[in-house]
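Counting from 1, the numbers follow the sequence of the chain as shown.
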Amino acid sequence: MGVIHKIGRRKCAVARVYVSEGTGNITVNKRAFAVYFPTATLQYKVKQALTLTNNENNFDVKINVYGGGATGQAEAVRMAIARAMCEVEAENRLVLKPEGLLTRDPRMVERKKFGQKKARKRFQFSKR
């Protein structure tokens, strides 16, 4: 099979994933998976594509991720792994597509506007 390389993005996070046949070992930025993503929610998001396709123990995954926060990085990794699973077997697409794992989330942070406190919040208006 060789190594499959895929990219996933979410907000400002970019994840590069290298999937090869193995025993289910996941490393993120040369660290253990559970160390890099300590909460159960983030670990679930990362493993979601592997779990849905029943490939948790069939592949080793090496991940390079940068930018954004923890949730954005986890969702970027999830998307990249889902894309890799589709390349491994075309039938996996029928499982992953309805779950929304192959769709790039286009939502980005709205910029702060001039003369306002934040993107939408305005300064308090006083009628004195």
Could you tell me whether a side-chain N or O of [X] sits under 3.5 Å from a main-chain N or O of [Y], the two making a donor and an acceptor?
X     : Y     : answer
Asn29 : Val65 : yes
Asn92 : Met85 : yes
Asp60 : Thr23 : yes

Review point. Do the side chains of Leu101 and Met79 join up, straight or via other hydrophobic residues, at under 4.5 Å, putting them in one cluster?
Key: no
Point to revise | Non-neighbouring partners of Glu87 that pass side-chain hydrogen bond (donor to acceptor under 3.5 Å, both in side chains), sequence neighbours left out | key: Lys6
Practice item. State which residues pass side-chain hydrogen bond (donor to acceptor under 3.5 Å, both in side chains) with Gln43; sequence neighbours excluded, sorted by chain then number. Key: none
Point to revise | Qualifying ring-ring contact (aromatic ring centres under 6.0 Å, His included) pairs with a residue from residues 36-55, counting only residues at least two apart or across chains | key: none
Closest heavy-atom pair and its distance - [X], [Y]:
X      : Y      : result
Gln116 : Ala119 : OE1-O, 3.0 Å
Ala49  : Ile81  : CB-CG2, 3.9 Å
Ala80  : Ala15  : CB-O, 4.1 Å
Gly67  : Gln73  : O-NE2, 3.0 Å

Name all residues meeting the side-chain contact (heavy atoms from CB on, under 4.5 Å) criterion together with [X]; count only those two or more places apart in sequence or in a different chain, and write none if there are none.
X      : answer
Thr103 : Lys97
Lys112 : none
Arg107 : Arg10, Asp105
Tyr18  : Val3, His5, Arg16, Lys62, Asn64

Just to verify, what does [X] make a salt bridge (Lys or Arg N to Asp or Glu O under 4.0 Å) with, not counting sequence neighbours?
X      : value
Lys47  : none
Glu91  : none
Arg120 : Glu110

**Study point:** Hydrophobic cluster partners of Phe125 (side-chain heavy atoms under 4.5 Å)
**Key:** none
Check your understanding: Under the 4.5 Å side-chain heavy-atom rule for ILVMFWY, direct or indirect, which residues accompany Tyr66?
Key -> Ile7, Val14
